[in-house]
K.L.:
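Next up is a structure, given as structure tokens.
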Amino acid sequence: MIDSYDIIVVGAGHAGCEAAVVSARLGHKVLLVTMNLALVAQMSCNPAIGGIAKGQIVREIDALGGMSGIVTDNTMIQFRLLNRSKGPAMWSPRAQCDKTAFSLFWKNIIENTPNLYLRQDTVQKLVIENNSVIGVKTELGKTIYSKKVILTNGTFLNGKIHVGDVNFYGGRIGENASFNLSDQLKDIGIETKKLKTGTPVRIDGRTIDFSKMEEQKGEDNPGHFSFTNTSILSDQLSCWITYTNEKVHAVLQKGFEKSPMFQGRIQGVGPRYCPSIEDKIVRFSERNRHQLFLEPEGRNTNEYYLNGFSSSLPENIQVEALHLIPGLENAEIYRPGYAIEYDYFNPTQLQYSLESKIIKNLFLAGQVNGTTGYEEAACQGLMAGINAHLSLIGNEPLILSRSQAYIGVLIDDLVTKGVQDPYRMFTSRAEYRILLRQDNADFRLTPIARNIGLVSDERFERFILKYENQNKIVNYLKQNSAKFNIFNELLIKRTTSPLSQNVKLENILLRPQISIQDIIDYDENFALYLENINASDEEIINSETYLKYESYIKKEEEMAQHLSNLDNIKLPQNFDFKSMQSLSNEAREKLTKLKPVNLGQASRVSGVNPSDIAALMIYLKQNNL
């Protein structure tokens with residue numbers, strides 16, 4: 001008997017779970033191979049999903065039919081919407097999750113997804129014929145064949161853990177690393193480099209003095225990530241804020257002589273936006289304290305995660321410094337912080353579909369592409385699974401543009417620019433962030449998921465009804481007038497100019513001092529209208545956001561349309577950039593190496609100037625290309 005599948009997914013982290021489930025749901029026979037089935041979708045670092053820009057990604061995953069939002073909603077223990085003081089483009093949902101429940105919920109989904117099969121084993125080698133992957137070989141001596149393979153190995157490829165001057169191989173502490181596979185790909189010609197990430201101590205909550213810390217509660221009316229009807233969170237757990245101090249920094253500095261990072265034992269580049277505590281006190285030496293967050297790891301455990309205290313210093317130094325932090329004077333730890341360095345593959349060697357340019361039918365997703373974070377990994381897994389499916393049925397890949405999704409921004413950044421340090425998504429990376437709000441992810445992406453076959457009739461009907469209601473609310477405010485003698489009381493109270501005549505309700509709402517709730521409170525007809533159409537709170541708030549930012553939204557849409565024209569100008573395969581003397585030397589070198597598929601991608605390559613793009617456009621036109 002020959003073991004054969006349509007798709008093999010290697011690794012059951014956040015990328016692997018999304019890839020396996022989506023490709024199985026689309027009708028393919030899928031095998032998910034992982035080293036430990038008890039640790040599916042493990043939260044290796046902090047027990048949280050979402051955050052700045054990351055929350056937008058999770059909402060996009062859900063809008064496309066992925067599962068991360070649903071899992072989060074069903075296992076979260078606290079919800080907050082970050083950046084409320086800024087505009088809606090910056091609002092980002094974030095949830096603390098029950099770490100164990102999160103993994104178990106994912107495992108339940110995987111075990112109950114038709115067409116999805118599981119195997120606990122270690123993939124050591126790809127089976128390759130004619131420069132195309134046709135299967136895998138495992139540690140247990142099994143050869144398993146498939147039409148597509150998706151690698152989502154996380155930090156396990158040649159992973160090495162460091163605690164002070166102690167180091168050993170592992171993918172996470174307590175788990176083995178994966179060898180041979182990375183070396184095989186390197187020998188084939190896939191560029192392989194090393195990155196580093198880290199994690200802090202885990203603390204026994206029974207030994208924490210919370211009275212010396214600032215409590216950080218969840219939202220009074222917690223939201224959710226999924227656009228489906230997930231349950232509302234109740235009984236939230238608090239996080240806690242404390243700070244380092246100069247005494248803490250002095251103790252940490254004592255350990256620098258044994259720091260694997262400062263002594264050169266770690267070769268991989270660490271995350272620039274999430275530095276270790278020792279890196280922070282060097283880079284920001286002018287600061288006498290750094291903020292720390294204590295995050296509960298679940299409802300049924302005493303374990304706490306000390307966010308902001310990632311370290312690879314010797315354990316005794318970590319503990320000594322810990323005991324000088326307010327509230328942690330008597331803290332006992334479950335395990336020390338550690339750094340891990342691991343292999344990743346240069347993502348500029350990927351197509352936009354996340355298929356390798358070098359080995360056909362091989363897809364890569366997650367930290368193997370140089371990213372950091374559960375959310376960045378999960379969205380890549382989802383896209384790799386979708387595109388493996390589309391390739392199997394002979395369709396063109398799904399390529400999201402930078403104006404369609406943060407997922408599009410992420411993949412374009414990886415494929416076009418590559419990474420020098422672990423890639424983390426931020427709102428600042430997106431030039432169209434007014435279009436890419438967390439509230440409208442379903443508007444942008446659910447019709448796409450519907451066409452692929454990932455959205456049910458019932459869900460799509462709810463989607464249609466939601467946007468019909470929002471359009472009704474917007475039109476009502478545009479078409480109906482505010483009576484000045486009624487609204488002047490409100491306007492004077494909010495220290496904004498009173499009216500001398502009736503104006504459209506929209507004009508009242510556009511004033512920064514006025515909210516849609518104010519209009520509901522002062523206009524009985526509008527309140528009655530909302531009740532008659534059974535408008536939800538979400539629909540009402542989304543309508544307000546659209547009206548307040550409508551002019552900005554239209555400007556960004558026009559800009560996106562103008563720039564997307566470059567993406568529509570295709571470059572021929574094997575285009576000879578080196579022969580074009582009108583290009584700068586740097587442009588010739590970088591474009592030859594990257595092989596962009598269109599002018600838009602070429603224009604985003606670092607070192608390629610507008611004059612280079614103009615020269616390419618002239619050449620293509622003159623040669624009828």
Side-chain angles (χ1 to χ4, degrees), residues 2-13 15-16 19-20 30-36 119-161 168-172 175-196 267-268 340-351 353-371 377 380-381 384-385 387-388 391 414-415 418-419 422 593:
I2 296 175
D3 289 313
S4 181
Y5 297 84
D6 295 320
I7 299 171
I8 294 175
V9 178
V10 182
V30 179
L31 176 66
L32 177 59
V33 185
T34 184
M35 297 169 70
N36 190 340
R119 179 179 176 85
Q120 182 165 303
D121 205 342
T122 300
V123 171
Q124 291 197 322
K125 192 175 182 180
L126 299 179
V127 182
I128 298 172
E129 283 186 5
N130 299 321
N131 221 37
S132 177
V133 65
I134 61 169
V136 302
K137 290 185 177 179
T138 76
E139 186 177 54
L140 294 177
K142 197 85 169 173
T143 298
I144 311 171
Y145 295 94
S146 68
K147 299 169 185 174
K148 310 286 178 182
V149 173
I150 304 174
L151 294 183
T152 68
N153 304 75
T155 62
F156 282 76
L157 295 176
N158 291 333
K160 194 173 187 180
I161 291 170
F168 50 90
Y169 287 103
R172 283 188 292 250
E175 299 177 65
N176 293 330
S178 174
F179 303 101
N180 303 320
L181 180 58
S182 179
D183 296 333
Q184 179 196 16
L185 295 180
K186 184 177 181 179
D187 291 342
I188 290 171
I190 292 181
E191 186 179 356
T192 306
K193 299 180 180 180
K194 286 192 179 294
L195 289 175
K196 166 256 178 189
Q267 302 300 316
I340 178 169
E341 57 179 338
Y342 54 93
D343 288 352
Y344 81 101
F345 307 113
N346 184 354
T348 62
Q349 295 179 303
L350 296 174
Q351 300 176 30
S353 63
L354 298 182
E355 183 178 3
S356 170
K357 293 178 180 177
I358 296 172
I359 303 174
K360 189 173 174 57
N361 297 323
L362 175 66
F363 293 76
L364 295 96
Q367 286 182 279
V368 293
N369 290 337
T371 60
Q380 290 176 73
N387 283 325
S391 178
L414 293 180
V415 172
V419 298
K593 182 177 181 181

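Numbering of residues begins at 1 and proceeds along the displayed sequence. Quick note: numbers below take in every heavy atom, side chains included, and nothing from hydrogens, waters or symmetry partners.
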K.L.:
Say you draw a straight line from OG1 of Thr155 to CD of Glu341; how long is it, rounded to the nearest 0.5 Å?
P.N.:
11.5 Å

K.L.:
Report all side-chain donor-acceptor pairs from residues 361-369 shorter than 3.5 Å, counting only partners two or more places apart or in another chain.
P.N.:
from	atom 1	to	atom 2	distance (Å)
Asn361	OD1	Lys148	NZ	2.5
Asn361	ND2	Ser132	OG	2.9
Asn369	ND2	Leu364	O	2.9
Asn369	ND2	Gln380	OE1	2.9

K.L.:
Quick check on Phe168: does its CZ atom have over 12 non-hydrogen neighbours (other residues, nucleotides or ligands) under 6.0 Å away?
P.N.:
yes

K.L.:
Evaluate the criterion side-chain contact (heavy atoms from CB on, under 4.5 Å) for residue pair Glu191 and Gln349; output intermediate values, then yes/no.
P.N.:
CA-CA 8 Å; Glu191 186 179 356; Gln349 295 179 303; 3.3 Å; yes

K.L.:
Listing request: all salt bridge (Lys or Arg N to Asp or Glu O under 4.0 Å) pairs with a residue in residues 122-143, at least two apart in sequence or in separate chains.
P.N.:
Asp3-Lys142

K.L.:
Please report the C-alpha distance between Leu350 and Leu414 in whole Å, then the side-chain angles of each, then the deciding distance to 0.1 Å, and finally whether the side-chain contact (heavy atoms from CB on, under 4.5 Å) criterion is met.
P.N.:
CA-CA 9 Å; Leu350 296 174; Leu414 293 180; 6.0 Å; no

K.L.:
To the nearest 0.5 Å, what is the distance between CG on Leu354 and OG1 on Thr152?
P.N.:
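That separation rounds to 12.0 Å.
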
K.L.:
Quick one: pull up OG1 in Thr192 and CG in Asn158 and give me the separation to the nearest 0.5 Å.
P.N.:
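Thr192 OG1 to Asn158 CG: 9.0 Å, rounded to 0.5 Å.
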
K.L.:
Does Lys593, at its NZ atom, have more than 12 non-hydrogen atoms belonging to other residues, nucleotides or ligands within less than 6.0 Å?
P.N.:
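No, not enclosed.
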
K.L.:
Side-chain contact, heavy-atom cut-off 4.5 Å: Ile7 with Val9?
P.N.:
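Ile7 vs Val9: side chains touch.
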
K.L.:
Can you name the nearest heavy-atom pair linking Gly418 to Pro347, along with the distance?
P.N.:
CA-CG, 4.0 Å

K.L.:
When rounded to the nearest 0.5 angstrom, what is the spacing between OG1 in Thr138 and CD in Gln120?
P.N.:
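Answer rounded to 0.5 Å: 11.5 Å.
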
K.L.:
For residues 177-189, which side-chain N or O atoms pair as donor and acceptor with protein atoms under 3.5 Å away, sequence neighbours left out?
P.N.:
from	atom 1	to	atom 2	distance (Å)
Ser182	OG	Asp343	OD2	2.7
Gln184	OE1	Leu126	N	2.8
Gln184	NE2	Leu126	O	2.9

K.L.:
Which atom pair, heavy atoms only, marks the closest approach of Tyr5 to Val30?
P.N.:
CD2-C, 4.0 Å

K.L.:
Using side-chain heavy atoms (C-beta onward) and a distance below 4.5 Å, is Leu31 in contact with Ser146?
P.N.:
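The answer is no; the side chains never approach within 4.5 Å.
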
K.L.:
Any chance you could measure Ile359, atom CD1, to Ile128, atom CD1, to the nearest 0.5 Å?
P.N.:
4.0 Å

K.L.:
Main chain of Thr348, side chain of Lys357: is a donor-acceptor contact present, judged purely on distance under 3.5 Å?
P.N.:
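Side chain of Lys357 to backbone of Thr348, a donor-acceptor pair under 3.5 Å: yes, one is there.
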
K.L.:
Heavy atoms, side chains only, cut-off 4.5 Å: are Asn387 and Glu355 in contact?
P.N.:
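Side chain of Asn387 against side chain of Glu355, heavy atoms only: no contact under 4.5 Å found.
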
K.L.:
So Leu195 and Tyr342, side-chain contact (heavy atoms from CB on, under 4.5 Å) or not? Walk me through it.
P.N.:
CA-CA 6 Å; Leu195 289 175; Tyr342 54 93; 3.7 Å; yes

K.L.:
Is there a side-chain contact (heavy atoms from CB on, under 4.5 Å) between Val419 and Thr371? Walk through the geometry before answering.
P.N.:
CA-CA 8 Å; Val419 298; Thr371 60; 5.8 Å; no

K.L.:
Nearest heavy-atom pair of Ile358 and Ser356: which atoms, and what distance?
P.N.:
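Scanning both residues, the minimum pair turns out to be N-OG, 3.0 Å.
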
K.L.:
Taking atom OG1 of Thr122 and atom CZ of Phe156, what is their separation to the nearest 0.5 Å?
P.N.:
9.5 Å

